[in-house]
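Working notes for the structure below.
Quick note: numbers below take in every heavy atom, side chains included, and nothing from hydrogens, waters or symmetry partners. Per chain, numbering begins at 1; letters A, B, ... match sequence-line order. As the structure is a computational prediction, the values presented were derived from the model and not from experiment.
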Amino acid sequence: MRTSQYLMATLREAPADAEVSSHRLMLRAGMIRQLAAGIYTWLPLGLRVLRKVEAIVREEMDQAGAQEVLMSGVQPAELWQESGRWDQYGPELLRFQDRHKRDFCLGPTHEEIITDLIRREIRSYKQLPANFYQIQNKFRDEIRPRFGIMRAREFLMKDAYSFHLTEASLQATYHQMFAVYTTIFTRLGLKFRAVIADTGNIGGKTSHEFHVLADSGEDRIVFTDDGHYAANIELAEAPVPKEQRPQPRQAMQVVATPGQHTIEEVSHFLQIPAGQILKTLLVNGTDTDLVALVLRGDHELNRVKAEQLPQVATPLTFASAEKIRGILGCSPGSIGPVNMGIPMIADHSASLVSDFTCGANTEGQHLTGVNWQRDLPEPAVADIRNVVSGDLAPDGSGKLNIAHGIEVGHIFQLGTKYSAALKATCLDENGEAKTLIMGCYGIGVSRIVAAAIEQNHDEYGIIWPQAIAPFQLALIPINMHKSQRLRDAVIPFYHDLQNAGIEVLLDDRKERPGVMFADAELIGLPHRLVYSERGLDAGTIEYKGRRDRENQEIPLADAIAFIRSKLGEPGKDL
RNA sequence: CGGGGCAUAGCGCAGCCUGGUAGCGCACCUGCUUUGGGAGCAGGGGGUCGGAGGUUCAAAUCCUCUUGCCCCGACCA
């Protein structure tokens, strides 16, 4: 491709509202343009990357024996009503009516559609197991789309659905998909990690997420050094402490803490470590109006764990400040578990603190030297906190580390959630109708593009892993427009590169070298060749890898073989 | 949804407070010079100032309504 005939929509300055690097760089490199909140147009350069990711995913899915289908993005309400999700799915499901006032939605996922297809088409155990996938745009009406393509409302996803007659067959395909995903992310050239995960509103029991590691990731994942234990922080179990609670040593007393609300403020004001302070969170309950959750000041509540408590209303919602003031007569920053009159559940670690400090349920006052059993009843306990770095893994494989990740893949063992609701059955060997068992396997294709940039960029721009670079090589001639002999050499060389199967972008614009270098770096091409009159005289061409600091001179005659060898070393440029 | 912010040329911004009919940098077009890291000079094109209504002799500027976009939202308990 020649830049003179290509939409090089690079920008020197990024639009002011782009926050994360991948969003800024995708705009600056001319890969995407925003059309509406969370909705983007892919420009030629961006689409090339997207298609490369897609191709790798497709190859590996095909290789694994999955069959590609394409299902509509517009879905009739009836199927969603049949599965029960028409009512369960919140406002993320974009609903609308056609001219006949029939209800439809834009598909955020396709379990209902595939299950409907399969119940019609698959009749015999001889057709199983089967795995169908598609690469399709999905639409989820996120409350707050952000970070560009990373959390968009419309996004490209590969979703696959497998069907089985036995649990063992599901297990086999699930493990196969786990391996396929590992191959895919390895081929993409990304640093990633698989973790056990929550199944969220898709349903099912066992599930794993695949995360691309990046500091800007919205998810936190935990893992041990030897990698035996790896989980999303949402799911990671905190170790149940074995130690005994120390004996009380202090008397309970009221202290004035005017204007001190946060744990940090109280800790600083009273000179007490955050771990000696307990915080009390009031959430809406199921049997009772409110439920109190008590945590150590230095710990965070884990929403997923809290939602699993029968006493806590799902989804978890916090009591409003007005409500708290109405019931307890103080602001949220002064709540404490003593004489509160609201059922409470304490985290294991919070129940082991003695002589603790907490809110006094009176504005501007806290209690110190408080002790369970002596000053207030022994609490019900549960694991409701996020693990912290240094906690022990539940499987005994060591201390936990915490890293940020971007979720790019998720595999689920769905079981019979959808097949039972939609009555998807087939006959087994004995002629008996059996409800199908399902698995589902997603990959965020468009998100991978953003995640790859988050993981691979520098001050000059994107640094593509070779497998998904829009072009492999930038060919930059210096002042070609005024040198006929350079032109006579470069154009045939460009064709030779193409004929050698190298994806080359020839910068034949009438631009100064600095502009061409800057653009090639911004759009992140892994390799660069600079052709000049100087080199022509010396019989050399200049090579520089995107991550290299120095140029190297290559004999012209060897240039193509040299580039081929570079392209042949996949790990080398990552 | 709650809170906050911003809408002026393709991008980044000024002008608004104190009304007088729109400007800067980059990008774009033409010419000349330049040419190994985002060139210089000269000339030029492009904006219903998000939209509607109001006040006024006069509105980007003041007022009302509206739309869009961005940011923050347990960790105040």
**Prompt:** Below 3.5 Å, does any donor atom in the side chain of A:Glu13 face an acceptor in the base of B:G25, or the other way round?
**Reply:** yes
**Prompt:** Where is the tightest heavy-atom contact between A:Thr280 and A:Pro337, given as atom of each residue plus distance?
**Reply:** OG1-CD, 3.5 Å
**Message:** For the C1' atoms, the ones on B:C16 and on B:C72, what distance do you get once it is rounded to whole angstrom?
**Reply:** 27 Å
**Request:** Could you measure between the two P atoms, the one in B:G4 and the one in B:G51, and give it in whole Å?
**Result:** 25 Å
**Message:** Looking at A:Phe96, I want to see if its CZ is surrounded by more than 12 non-hydrogen atoms of other residues, nucleotides or ligands under 6.0 Å.
**Reply:** yes
**Gap in Å between the two P atoms, one belonging to B:C17 and one to B:C63, rounded** = 9 Å
**Qualifying side-chain hydrogen bond (donor to acceptor under 3.5 Å, both in side chains) pairs with a residue from residues 284-293 of chain A, counting only residues at least two apart or across chains** = A:Asn284-A:Thr317, A:Asn284-A:Lys323, A:Asp289-A:Lys323
**Item:** Identity of whatever pairs with B:A58 - Watson-Crick or G-U, under 3.5 angstrom
**Value:** none
**Fill in**
Partner of B:G2 under the Watson-Crick or G-U wobble criteria, both distances under 3.5 Å, comes out as B:C72
**Request:** Classify the nucleic acid contact of A:Ala292 as base, sugar-phosphate or nothing, counting any heavy atom under 4.0 Å across all strands shown.
**Result:** nothing
**Request:** Whole angstrom is fine here: how far is it from CZ in A:Arg509 over to P in B:C28?
**Result:** 9 Å
**Asked** In the structure shown, which nucleotide is the Watson-Crick or G-U wobble counterpart of B:G47, with both distances under 3.5 Å?
**Response** none
**Request:** Scan A:Arg33 against the nucleic acid and name what it touches under 4.0 Å (heavy atoms): base, sugar-phosphate only, or nothing.
**Result:** nothing
**Message:** What is the distance, to the nearest angstrom, from the CD atom on A:Glu459 to the C1' atom on B:G38?
**Reply:** 14 Å
**Message:** Once hydrogens and angles are ignored, does a donor-acceptor distance under 3.5 Å link the base of B:G36 to the side chain of A:Asn479?
**Reply:** no
**Complete:** Answer for the Watson-Crick or wobble partner of B:G19, both distances under 3.5 Å, is none
Show me, pair by pair, the donor-acceptor contacts under 3.5 angstrom made by side chains of residues 263-271 of chain A, not counting sequence neighbours?
from: A:Glu265; atom 1: OE1; to: A:His261; atom 2: N; distance (Å): 2.7
from: A:Glu265; atom 1: OE1; to: A:Thr262; atom 2: N; distance (Å): 3.0
from: A:Ser267; atom 1: OG; to: A:Ile272; atom 2: O; distance (Å): 2.7
from: A:Gln271; atom 1: NE2; to: A:His268; atom 2: O; distance (Å): 2.8

**Request:** Round to a whole Å and report the spacing from CD1 of A:Ile476 to P of B:G37.
**Result:** 12 Å
**Item:** Pairs touching residues 31-50 of chain A that satisfy salt bridge (Lys or Arg N to Asp or Glu O under 4.0 Å), sequence neighbours left out
**Value:** A:Arg48-A:Glu503
**Request:** Would you kindly give the CG-to-C1' distance between A:Asp507 and B:G38, to the nearest whole Å?
**Result:** 12 Å
**Message:** A cation-pi test, strictly: NZ or CZ of A:Arg528 under 6.0 Å from the centre of the six-membered ring of A:Phe517 and no more than 45 degrees from its axis. Yes or no?
**Reply:** yes
**Those residues that, when tested against A:Phe493, pass ring-ring contact (aromatic ring centres under 6.0 Å, His included) (two or more places apart)** = A:Tyr531
**Item:** A:Lys510 NZ to B:C28 C1', straight-line distance once rounded to whole Å
**Value:** 15 Å
**Item:** Spacing of the C1' atoms in B:G15 and B:G31 (rounded, Å)
**Value:** 33 Å
**Asked** Rounding to the closest angstrom, what is the interatomic distance between B:G47 and B:A27 at atom C1'?
**Response** 15 Å
**Asked** Under a 3.5 Å cut-off for both distances, is B:A7 Watson-Crick or wobble paired, and to whom?
**Response** B:U67
**A:Glu234 and A:Arg303: CA distance, side-chain angles, deciding distance, salt bridge (Lys or Arg N to Asp or Glu O under 4.0 Å) verdict** = CA-CA 7 Å; A:Glu234 291 179 337; A:Arg303 293 187 92 107; over 6 Å; no
**Asked** Does a side-chain N or O from A:Arg512 land closer than 4.0 Å to OP1 or OP2 of B:G37, or not?
**Response** no
**Asked** What is the base-pairing partner of B:C32, counting Watson-Crick and G-U wobble geometry with both distances under 3.5 Å?
**Response** B:G40
**Prompt:** Given atom NZ of A:Lys482 and atom C1' of B:G36, what is their separation to the nearest angstrom?
**Reply:** 12 Å
**Item:** Spacing of the C1' atoms in B:A7 and B:C13 (rounded, Å)
**Value:** 13 Å
**Request:** Would you please say whether a donor-acceptor pair under 3.5 Å links the side chains of A:Gln88 and A:Arg85?
**Result:** no
**Item:** Interface residues of residues 528-545 of chain A with RNA chain B (non-hydrogen, below 4.0 angstrom)
**Value:** A:Arg528, A:Val530, A:Ser532, A:Arg534, A:Glu542
**Request:** Establish, from distance only, whether the side-chain atoms of A:Ser22 and A:Glu454 form a donor-acceptor pair under 3.5 Å.
**Result:** yes
**Request:** Just call it for A:His481: base, sugar-phosphate, or nothing, with non-hydrogen atoms closer than 4.0 Å on any strand.
**Result:** base
**Prompt:** Expressed in angstrom and rounded to an integer, what is the separation of A:Ile39 atom CD1 from B:G68 atom C1'?
**Reply:** 13 Å
**Item:** Rounded distance in Å between the C1' positions of B:A22 and B:U48
**Value:** 14 Å
**Asked** Just by protein heavy atoms under 4.0 Å, how would nucleotides 70-77 of chain B read 5' to 3' in B, S and -?
**Response** SSB-BBSB
**Asked** Any salt bridge between A:Asp347 and A:Lys305, counting N to O under 4.0 Å?
**Response** no
**Basic-acidic side-chain contact under 4.0 Å: A:Asp458, A:Arg546** = yes
**Pairwise C1' distance, B:C11 and B:U21 [rounded to whole Å]** = 26 Å
**Complete:** Taken to the nearest whole Å, CG/A:Leu11 to C1'/B:C11 is 6 Å
